[in-house]
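I have placed the structure first, in the form of structure tokens, so that the comments after it can refer back to it.
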Amino acid sequence: MKVLVLTPEPIDDQVLRTSLGTELAGAEVLVVSPATNQSRLAFWVSDPDEAIAEAAAAEEESVERLEEAGVDAAGTVGESEPAVALQDALATFPAERIVIVTHAEGDRDYREDAGLAETAAGAGVPVDWAEVGR
């Protein structure tokens with residue numbers, strides 16, 4: 001099974017096991033970490049390099065944790081808008097399942113959930129949602 005994981009923070013296999021259960025065994029996982037900014041102001045005036053570096057660190061740590069747990073994982077950094085990052089990933093990775101990890105409602109990054117539910121629903125595959133802290 002091909003699983004696409006969209007996450008703004010590092011995750012481990014437990015996040016996926018909670019969503020996928022035994023389906024995680026033998027899965028090929030692609031971790032996409034969007035380069036989001038925490039605030040609207042940061043989105044418009046800051047240098048995107050910081051957001052990209054944070055996303056790269058989250059992606060690398062997630063892949064490392066998953067591989068240590070025996071999960072076949074690879075990763076990439078995505079666009080600053082998670083919905084666009086998801087669309088981009090789906091264009092090259094034929095996911096059979098999607099796991100979207102977001103921050104809690106009051107702690108979300110700027111545009112973290114803008115259009116994400118609609119994009120995920122349009123993928124035509126099962127989508128699971130999980131929350132993560134900073």
Side-chain angles (χ1 to χ4, degrees):
M1 173 187 311
K2 290 182 176 263
V3 180
L4 177 68
V5 179
L6 187 76
T7 182
E9 299 287 338
I11 59 155
D12 60 18
D13 63 305
Q14 286 309 116
V15 171
L16 298 184
R17 289 187 198 291
T18 299
S19 296
L20 304 173
T22 58
E23 291 182 70
L24 183 58
E28 178 184 344
V29 176
L30 176 64
V31 176
V32 178
S33 187
T36 58
N37 287 280
Q38 288 188 2
S39 71
R40 177 183 206 161
L41 181 63
F43 179 83
W44 290 108
V45 301
S46 72
D47 182 354
D49 291 343
E50 184 178 337
I52 293 168
E54 290 174 1
E59 173 264 314
E60 289 170 11
E61 188 172 336
S62 295
V63 169
E64 184 177 303
R65 288 177 181 180
L66 292 171
E67 287 180 338
E68 286 174 358
V71 177
D72 178 17
T76 189
V77 172
E79 289 290 326
S80 61
E81 291 201 34
V84 175
L86 180 61
Q87 281 181 321
D88 289 350
L90 288 169
T92 59
F93 185 79
E96 298 168 274
R97 188 96 176 244
I98 299 170
V99 177
I100 298 175
V101 182
T102 62
H103 293 108
E105 182 71 34
D107 199 27
R108 292 198 175 135
D109 290 342
Y110 178 64
R111 300 194 53 80
E112 184 171 330
D113 57 355
L116 195 51
E118 294 84 5
T119 301
V125 299
V127 178
D128 294 286
W129 296 81
E131 287 187 351
V132 67
R134 292 196 187 272

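Atom set for the values below is all heavy atoms of this structure, side chains included, hydrogens, waters and symmetry mates excluded. Small disclaimer: the values here were computed from a predicted structure and weren't measured.
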Notebook entry, point to check: Between Pro34 and Ala85, which heavy-atom pair has the shortest distance, and what is it?
Noted result: CB-CB, 4.2 Å
Item checked: Cluster link Val125 to Val32, ILVMFWY, side chain under 4.5 Å -> yes
Using distance only, find each side-chain donor-acceptor pair of residues 21-28 under 3.5 Å and give its atom names and separation, not counting sequence neighbours.
from	atom 1	to	atom 2	distance (Å)
Glu23	OE1	Arg97	NH1	3.0
Glu23	OE2	Arg97	NH1	2.8
Glu28	OE1	Lys2	NZ	3.1
Glu28	OE2	Lys2	NZ	3.4

Notebook entry, point to check: To the nearest 0.5 Å, how far apart are OG1 in Thr76 and CG in Leu4?
Noted result: 10.5 Å
Next item on the list: Indicate the atoms forming the closest heavy-atom contact of Ala120 with Trp129, along with that distance.
Entry: CB-CZ2, 4.5 Å
Checklist line | Which atom of Ala35 lies closest to which atom of Ala55, heavy atoms considered | finding: CA-CB, 3.7 Å
Notebook entry, point to check: Just wondering, do Val5 and Leu66 contact through their side chains at under 4.5 Å, heavy atoms?
Noted result: no
Margin query: Using only atom types and a distance under 3.5 Å, with no angle test, would you say the side chain of Ser33 pairs donor to acceptor with the backbone of Thr7?
Written below: yes
Item checked: Other residues, nucleotides, ligands: >12 heavy atoms within 6.0 Å of Glu79 CD -> no
Next item on the list: First locate atom CD of Glu9, then atom CD of Glu59, and finally report the distance between them rounded to the nearest 0.5 Å.
Entry: 13.5 Å
Note to self: Measuring only between side-chain heavy atoms, which start at C-beta, is Ile98 closer than 4.5 Å to Leu6?
What the structure shows: no
Margin query: Measuring from atom OG1 of Thr36 to atom CD1 of Ile52, what distance do you get when rounded to the nearest 0.5 angstrom?
Written below: 11.5 Å
Item checked: Hydrophobic cluster membership, Val84 vs Leu86, 4.5 Å side-chain cutoff -> no
Note to self: Would a single hydrophobic cluster contain both Ile11 and Val77, if residues Ile, Leu, Val, Met, Phe, Trp and Tyr are joined by side-chain heavy-atom contacts under 4.5 Å?
What the structure shows: no
